[in-house]
Amino acid sequence: WKDGHVSKLEKRIEALEARDAERSEKLDKLWLAFSLVAADLRKHNPASEALAMAGRLLRDKFPVDADVPADMHDLLKRMP
């Protein structure tokens, strides 16, 4: 009984970890996509409060990862 229960829990943990990794990857892509689009939009409207607010909200929840390439990290640091 215990072995079956432990096995079931281990499988559930593996599934949750896989789902978490998938969501993390999606969030990383979302942050990168926003960063790329925001940089271009900022050229057209550098005073956009909406872009600045969106950047602050995302940075608060999704700080730049150390794995981000140096050139992308520099771009992200320039965002207000």
Side-chain angles (χ1 to χ4, degrees):
W1 176 84
K2 282 187 178 182
D3 289 338
H5 190 65
V6 170
S7 177
K8 186 177 180 180
L9 289 174
E10 286 173 341
K11 288 179 183 177
R12 177 146 171 90
I13 289 170
E14 287 176 16
L16 289 171
E17 287 173 343
R19 188 170 66 184
D20 182 56
E22 182 181 326
R23 286 183 177 165
S24 180
E25 183 179 339
K26 286 180 182 180
L27 288 173
D28 289 344
K29 288 179 180 179
L30 174 64
W31 171 241
L32 182 57
F34 168 78
S35 300
L36 294 171
V37 171
D40 203 40
L41 290 174
R42 204 167 282 106
K43 291 177 188 175
H44 299 285
N45 188 0
S48 172
E49 184 57 34
L51 284 174
M53 188 182 304
R56 285 191 300 272
L57 287 169
L58 286 172
R59 262 193 309 283
D60 286 346
K61 297 297 178 187
F62 309 107
V64 176
D65 193 318
D67 293 337
V68 173
D71 59 338
M72 181 56 67
H73 187 71
D74 291 339
L75 175 67
L76 295 175
K77 285 194 316 191
R78 291 193 306 252
M79 295 175 62

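Both backbone and side-chain heavy atoms feed into the values below; hydrogens, waters and symmetry mates do not.
Residue Phe34 is grouped with residue Leu27 when hydrophobic side chains (ILVMFWY) are merged at heavy-atom distances under 4.5 angstrom, including chains of intermediate members.
Contact record, Leu51 with Leu41: CD1-CB, 3.7 Å, taken as the closest heavy-atom pair.
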Give every donor-acceptor pair under 3.5 Å between a side-chain atom in residues 10-25 and any protein atom, sequence neighbours left out.
unit_1 : atom_1 : unit_2 : atom_2 : d
Glu22  : OE2    : Lys26  : NZ     : 3.3
Glu25  : OE2    : Lys29  : NZ     : 3.2

